[in-house]
Amino acid sequence: MSGAVIGIDIGGSSTRAVRSEAGVVVAQSDAGSANIAAVSVVEAGRQLGIVLDAVGVRDVVAVCAGAAGADSPHSVGIIRDLISACVPGARVRVVHDAHLVLAASGADAGVALISGTGSVAWGIGPDGRESRAGGWGHLLGDEGSGFHVMLEAVRHALHTMDRGEPVDALGRAVLDACDLDHREQLIDHVYATPEKRYWATRAGAVADLAVAGDPAARALLDAAADALATLAGTVMTRLGSPGPVVLGGGFAVHQPLLVQGVRERLAGTPVHVLTAPHVHGAVRLAEALLHPDLEHA
(Lines give C-alpha, C1' and ligand atoms only; values in the text may rest on other atoms or scores of the structure.)
Protein backbone atom coordinates (compact mmCIF):
# COMPACT_ATOMS: atom_id res chain seq x y z
CA MET A 1 0.00 0.00 0.00
CA SER A 2 1.42 3.40 -0.94
CA GLY A 3 0.32 7.01 -0.80
CA ALA A 4 0.69 10.11 1.28
CA VAL A 5 0.35 10.12 5.05
CA ILE A 6 -0.38 12.88 7.54
CA GLY A 7 0.81 13.21 11.11
CA ILE A 8 -0.98 15.54 13.53
CA ASP A 9 0.16 16.83 16.92
CA ILE A 10 -2.80 18.18 18.89
CA GLY A 11 -1.57 20.21 21.83
CA GLY A 12 -3.26 22.30 24.45
CA SER A 13 -2.66 25.56 22.60
CA SER A 14 -1.96 24.63 18.97
CA THR A 15 -2.32 21.94 16.33
CA ARG A 16 0.32 21.00 13.78
CA ALA A 17 -0.10 18.77 10.72
CA VAL A 18 2.64 17.38 8.48
CA ARG A 19 2.14 15.63 5.14
CA SER A 20 4.72 13.09 4.04
CA GLU A 21 5.10 11.41 0.67
CA ALA A 22 7.51 8.51 0.22
CA GLY A 23 9.15 9.41 3.52
CA VAL A 24 9.66 13.08 2.61
CA VAL A 25 7.83 15.93 4.34
CA VAL A 26 6.16 18.02 1.64
CA ALA A 27 3.80 20.26 3.62
CA GLN A 28 3.24 21.55 7.12
CA SER A 29 0.56 23.71 8.71
CA ASP A 30 -0.33 25.10 12.13
CA ALA A 31 -3.62 26.20 13.63
CA GLY A 32 -5.25 26.70 17.00
CA SER A 33 -5.87 23.93 19.47
CA ALA A 34 -8.08 21.01 18.47
CA ASN A 35 -7.83 19.48 21.93
CA ILE A 36 -11.40 18.60 22.92
CA ALA A 37 -10.44 18.97 26.58
CA ALA A 38 -9.77 22.65 25.89
CA VAL A 39 -12.19 23.60 23.10
CA SER A 40 -15.60 22.48 21.88
CA VAL A 41 -15.94 19.57 19.47
CA VAL A 42 -17.13 22.00 16.80
CA GLU A 43 -14.07 24.20 17.28
CA ALA A 44 -11.77 21.15 17.30
CA GLY A 45 -13.25 20.06 13.99
CA ARG A 46 -12.77 23.53 12.56
CA GLN A 47 -9.09 23.67 13.55
CA LEU A 48 -8.44 20.18 12.21
CA GLY A 49 -10.09 21.20 8.96
CA ILE A 50 -7.77 24.21 8.71
CA VAL A 51 -4.54 22.22 9.03
CA LEU A 52 -5.73 19.33 6.90
CA ASP A 53 -6.91 21.59 4.09
CA ALA A 54 -3.59 23.42 4.24
CA VAL A 55 -1.43 20.30 3.83
CA GLY A 56 -3.87 18.69 1.37
CA VAL A 57 -5.84 15.48 1.81
CA ARG A 58 -5.82 14.24 -1.77
CA ASP A 59 -4.23 10.76 -2.08
CA VAL A 60 -3.79 10.52 1.71
CA VAL A 61 -4.16 6.92 2.82
CA ALA A 62 -3.24 7.11 6.51
CA VAL A 63 -3.41 9.66 9.31
CA CYS A 64 -2.14 9.45 12.88
CA ALA A 65 -2.94 12.09 15.48
CA GLY A 66 -1.44 12.38 18.92
CA ALA A 67 -3.60 14.34 21.32
CA ALA A 68 -3.02 15.50 24.87
CA GLY A 69 -5.71 13.89 27.01
CA ALA A 70 -6.72 11.27 24.42
CA ASP A 71 -7.29 8.69 27.14
CA SER A 72 -10.79 7.28 26.84
CA PRO A 73 -12.40 5.42 23.94
CA HIS A 74 -14.97 8.22 23.84
CA SER A 75 -12.44 11.04 23.35
CA VAL A 76 -10.40 8.98 20.91
CA GLY A 77 -13.53 8.20 18.93
CA ILE A 78 -14.53 11.86 18.69
CA ILE A 79 -11.14 12.92 17.34
CA ARG A 80 -10.99 9.97 14.94
CA ASP A 81 -14.44 10.83 13.56
CA LEU A 82 -13.48 14.49 13.08
CA ILE A 83 -10.38 13.50 11.12
CA SER A 84 -12.19 10.84 9.10
CA ALA A 85 -14.74 13.42 8.02
CA CYS A 86 -11.90 15.49 6.55
CA VAL A 87 -9.96 12.59 5.03
CA PRO A 88 -12.55 10.04 3.89
CA GLY A 89 -11.21 6.61 3.07
CA ALA A 90 -7.94 7.00 4.98
CA ARG A 91 -6.90 4.77 7.87
CA VAL A 92 -6.98 6.91 11.01
CA ARG A 93 -5.30 6.25 14.34
CA VAL A 94 -5.53 8.49 17.43
CA VAL A 95 -3.09 8.05 20.31
CA HIS A 96 -2.12 9.84 23.49
CA ASP A 97 0.53 12.45 22.75
CA ALA A 98 3.09 10.55 24.84
CA HIS A 99 3.21 7.96 22.04
CA LEU A 100 4.55 10.62 19.69
CA VAL A 101 7.62 11.26 21.85
CA LEU A 102 8.87 7.70 21.65
CA ALA A 103 8.05 7.42 17.97
CA ALA A 104 9.74 10.74 17.15
CA SER A 105 12.93 9.50 18.82
CA GLY A 106 13.04 6.54 16.46
CA ALA A 107 12.69 4.01 19.29
CA ASP A 108 10.28 1.10 19.00
CA ALA A 109 10.44 0.30 22.73
CA GLY A 110 11.22 2.31 25.84
CA VAL A 111 9.57 5.03 27.91
CA ALA A 112 8.36 8.47 26.89
CA LEU A 113 8.52 10.93 29.78
CA ILE A 114 6.70 14.22 29.22
CA SER A 115 7.13 17.35 31.34
CA GLY A 116 5.34 20.32 29.87
CA THR A 117 2.06 21.85 30.96
CA GLY A 118 1.36 18.45 32.50
CA SER A 119 3.39 15.31 33.15
CA VAL A 120 3.04 11.67 32.16
CA ALA A 121 5.13 8.59 31.40
CA TRP A 122 4.15 5.99 28.83
CA GLY A 123 6.12 3.02 27.63
CA ILE A 124 6.11 -0.05 25.46
CA GLY A 125 8.17 -3.15 26.15
CA PRO A 126 10.00 -5.35 23.65
CA ASP A 127 7.04 -7.75 23.83
CA GLY A 128 4.56 -5.01 22.87
CA ARG A 129 3.02 -4.58 26.32
CA GLU A 130 2.18 -0.98 27.23
CA SER A 131 2.10 0.85 30.54
CA ARG A 132 1.45 4.38 31.72
CA ALA A 133 1.91 6.39 34.91
CA GLY A 134 0.64 9.88 35.71
CA GLY A 135 -1.19 12.07 33.27
CA TRP A 136 -3.97 12.64 35.80
CA GLY A 137 -4.29 16.37 35.21
CA HIS A 138 -3.50 19.31 37.47
CA LEU A 139 -6.18 18.61 40.08
CA LEU A 140 -4.83 15.14 40.83
CA GLY A 141 -1.21 15.18 39.76
CA ASP A 142 1.07 16.65 37.08
CA GLU A 143 4.00 16.69 39.51
CA GLY A 144 7.21 17.54 37.68
CA SER A 145 5.44 19.68 35.11
CA GLY A 146 6.06 23.36 34.47
CA PHE A 147 2.60 24.16 35.82
CA HIS A 148 3.22 22.29 39.07
CA VAL A 149 6.67 23.81 39.59
CA MET A 150 5.32 27.34 39.17
CA LEU A 151 2.36 26.76 41.49
CA GLU A 152 4.71 25.37 44.12
CA ALA A 153 6.75 28.55 43.77
CA VAL A 154 3.60 30.60 44.34
CA ARG A 155 2.84 28.54 47.45
CA HIS A 156 6.37 29.17 48.68
CA ALA A 157 5.88 32.92 48.29
CA LEU A 158 2.58 32.78 50.18
CA HIS A 159 4.04 30.67 53.00
CA THR A 160 6.85 33.19 53.53
CA MET A 161 4.23 35.93 53.62
CA ASP A 162 2.19 34.08 56.24
CA ARG A 163 5.30 33.70 58.38
CA GLY A 164 5.96 37.43 58.21
CA GLU A 165 9.24 36.96 56.36
CA PRO A 166 10.52 39.41 53.74
CA VAL A 167 10.22 38.59 50.07
CA ASP A 168 13.05 36.23 49.14
CA ALA A 169 14.61 35.64 45.72
CA LEU A 170 12.10 32.99 44.71
CA GLY A 171 9.15 35.12 45.80
CA ARG A 172 10.54 38.06 43.84
CA ALA A 173 10.98 35.86 40.75
CA VAL A 174 7.35 34.76 41.02
CA LEU A 175 6.10 38.34 41.36
CA ASP A 176 8.22 39.53 38.44
CA ALA A 177 7.05 36.65 36.24
CA CYS A 178 3.44 37.62 36.96
CA ASP A 179 4.08 41.37 36.72
CA LEU A 180 2.90 41.89 40.30
CA ASP A 181 4.25 44.08 43.09
CA HIS A 182 3.11 42.36 46.28
CA ARG A 183 2.62 38.78 47.47
CA GLU A 184 -0.89 39.64 48.66
CA GLN A 185 -1.85 39.96 44.99
CA LEU A 186 -0.91 36.36 44.19
CA ILE A 187 -4.04 34.69 45.57
CA ASP A 188 -6.47 36.72 43.47
CA HIS A 189 -4.13 36.43 40.48
CA VAL A 190 -4.08 32.63 40.66
CA TYR A 191 -7.84 32.32 40.79
CA ALA A 192 -8.34 34.94 38.10
CA THR A 193 -5.84 33.20 35.81
CA PRO A 194 -6.75 29.50 35.67
CA GLU A 195 -5.09 28.80 32.32
CA LYS A 196 -2.48 26.12 32.95
CA ARG A 197 -0.30 27.33 30.09
CA TYR A 198 0.05 30.77 31.69
CA TRP A 199 1.69 29.24 34.75
CA ALA A 200 3.66 26.57 32.90
CA THR A 201 5.33 29.11 30.62
CA ARG A 202 6.56 31.05 33.65
CA ALA A 203 8.23 28.09 35.33
CA GLY A 204 11.47 28.87 33.53
CA ALA A 205 11.97 31.71 36.02
CA VAL A 206 12.15 29.15 38.82
CA ALA A 207 14.57 26.97 36.86
CA ASP A 208 16.80 29.97 36.09
CA LEU A 209 16.96 30.83 39.77
CA ALA A 210 17.82 27.23 40.65
CA VAL A 211 20.70 27.34 38.17
CA ALA A 212 21.90 30.52 39.88
CA GLY A 213 22.09 28.61 43.16
CA ASP A 214 18.98 29.71 45.03
CA PRO A 215 18.22 26.90 47.54
CA ALA A 216 14.43 27.33 47.52
CA ALA A 217 14.23 27.19 43.73
CA ARG A 218 16.67 24.27 43.63
CA ALA A 219 14.48 22.36 46.09
CA LEU A 220 11.50 22.76 43.76
CA LEU A 221 13.50 21.55 40.75
CA ASP A 222 14.82 18.61 42.76
CA ALA A 223 11.25 17.69 43.70
CA ALA A 224 10.27 17.87 40.01
CA ALA A 225 13.16 15.55 39.10
CA ASP A 226 12.05 13.14 41.85
CA ALA A 227 8.50 13.10 40.50
CA LEU A 228 9.53 12.59 36.87
CA ALA A 229 12.00 9.83 37.71
CA THR A 230 9.29 8.10 39.74
CA LEU A 231 6.90 8.19 36.78
CA ALA A 232 9.49 6.71 34.43
CA GLY A 233 10.62 4.16 37.01
CA THR A 234 7.06 3.01 37.60
CA VAL A 235 6.56 2.28 33.91
CA MET A 236 9.93 0.57 33.51
CA THR A 237 9.24 -1.67 36.50
CA ARG A 238 5.83 -2.72 35.21
CA LEU A 239 7.23 -3.49 31.77
CA GLY A 240 10.54 -4.93 32.92
CA SER A 241 12.05 -2.41 30.53
CA PRO A 242 15.67 -1.25 30.58
CA GLY A 243 14.72 1.94 28.73
CA PRO A 244 15.67 4.12 27.06
CA VAL A 245 13.76 7.02 28.59
CA VAL A 246 13.00 9.76 26.07
CA LEU A 247 12.31 13.10 27.70
CA GLY A 248 9.91 15.43 25.90
CA GLY A 249 7.59 18.33 26.65
CA GLY A 250 8.00 22.07 26.63
CA PHE A 251 9.37 22.43 30.15
CA ALA A 252 11.94 19.72 30.83
CA VAL A 253 13.67 19.71 27.46
CA HIS A 254 14.67 23.36 27.95
CA GLN A 255 15.96 22.91 31.51
CA PRO A 256 19.39 21.18 31.61
CA LEU A 257 19.44 21.15 35.41
CA LEU A 258 16.15 19.25 35.50
CA VAL A 259 17.38 16.84 32.82
CA GLN A 260 20.53 16.27 34.88
CA GLY A 261 18.42 15.56 37.95
CA VAL A 262 16.32 12.97 36.12
CA ARG A 263 19.46 11.30 34.75
CA GLU A 264 20.99 11.12 38.23
CA ARG A 265 17.87 9.50 39.64
CA LEU A 266 17.67 7.01 36.78
CA ALA A 267 21.37 6.14 36.89
CA GLY A 268 22.12 3.21 34.64
CA THR A 269 19.19 3.93 32.33
CA PRO A 270 19.81 5.82 29.07
CA VAL A 271 17.94 9.13 29.19
CA HIS A 272 17.67 11.06 25.94
CA VAL A 273 16.20 14.51 25.33
CA LEU A 274 13.92 14.60 22.31
CA THR A 275 15.13 17.06 19.69
CA ALA A 276 12.70 16.23 16.87
CA PRO A 277 9.22 17.81 16.84
CA HIS A 278 6.52 15.57 18.31
CA VAL A 279 4.61 15.68 15.03
CA HIS A 280 7.38 13.65 13.37
CA GLY A 281 6.37 10.82 15.67
CA ALA A 282 2.82 11.08 14.35
CA VAL A 283 4.15 10.81 10.79
CA ARG A 284 6.13 7.72 11.72
CA LEU A 285 3.07 6.10 13.28
CA ALA A 286 0.97 6.99 10.22
CA GLU A 287 3.56 5.36 7.98
CA ALA A 288 3.39 2.26 10.16
CA LEU A 289 -0.34 1.99 9.36
CA LEU A 290 0.68 1.19 5.78
CA HIS A 291 2.73 -1.77 7.02
CA PRO A 292 0.89 -3.52 9.87
CA ASP A 293 3.85 -5.85 10.44
CA LEU A 294 5.93 -2.76 11.38
CA GLU A 295 3.27 -1.00 13.44
CA HIS A 296 4.42 -0.14 16.94
CA ALA A 297 3.57 2.01 19.95
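Keep in mind the model is a prediction, meaning the values are calculated, not measured.
Membership of the apolar cluster around Val87 extends to Ile6, Ile8, Ile10, Ile36, Val41, Leu48, Val51, Leu52, Val55, Val57, Val60, Val63, Val76, Ile78, Ile79, Leu82, Ile83, Val92, Val94, as traced through chained side-chain contacts below 4.5 Å between ILVMFWY residues.
In this structure Asp9 satisfies the side chain to side chain contact (heavy atoms under 4.5 Å, CB included) test together with Leu100, His278, Val279, sequence neighbours excluded. For Glu264, there are no salt bridge (Lys or Arg N to Asp or Glu O under 4.0 Å) partners two or more places apart in sequence or in a different chain. Arg265 meets the salt bridge (Lys or Arg N to Asp or Glu O under 4.0 Å) test with Asp222, Asp226; sequence neighbours excluded. Residues that satisfy the ring-ring contact (aromatic ring centres under 6.0 Å, His included) test with His254, not counting sequence neighbours, are absent from this structure. Residues satisfying the salt bridge (Lys or Arg N to Asp or Glu O under 4.0 Å) criterion with Glu152, sequence neighbours excluded, are Arg155. Residues satisfying the salt bridge (Lys or Arg N to Asp or Glu O under 4.0 Å) criterion with Arg16, sequence neighbours excluded, are Asp30. With sequence neighbours left out, the side-chain hydrogen bond (donor to acceptor under 3.5 Å, both in side chains) criterion links Glu21 to Arg19. Taking Arg80 as the reference, nothing meets the side-chain hydrogen bond (donor to acceptor under 3.5 Å, both in side chains) condition, with sequence neighbours excluded. His272 is linked by a ring-ring contact (aromatic ring centres under 6.0 Å, His included) to nothing, counting only residues two or more places apart in sequence or in another chain.
At most 12 heavy atoms of other shown residues, nucleotides or ligands fall within 6.0 angstrom of atom CZ in Arg58.
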Side-chain donor-acceptor pairs of residues 175-184 under 3.5 Å, sequence neighbours excluded:
unit_1, atom_1, unit_2, atom_2, d
Arg183, NH1, Thr160, OG1, 2.9
Arg183, NH1, Glu165, O, 3.0
Arg183, NH2, Glu165, O, 2.8

Acceptor/donor pairs from residues 236-252 side chains to any protein atom, 3.5 angstrom cut, sequence neighbours excluded:
unit_1, atom_1, unit_2, atom_2, d
Thr237, OG1, Gly233, O, 2.9
Ser241, OG, Gly243, N, 3.0

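The ring of Trp199 has its center closer than 6.0 angstrom to the ring center of His189. Taking the ring centroids of Trp122 and His99, they lie under the 6.0 Å cut-off.
Using a 4.5 Å heavy-atom threshold, the side chains of Leu170 and Leu209 count as touching.
With hydrogens and angles disregarded, a donor-acceptor distance shorter than 3.5 Å links the side chain of Arg91 to the backbone of Leu289.
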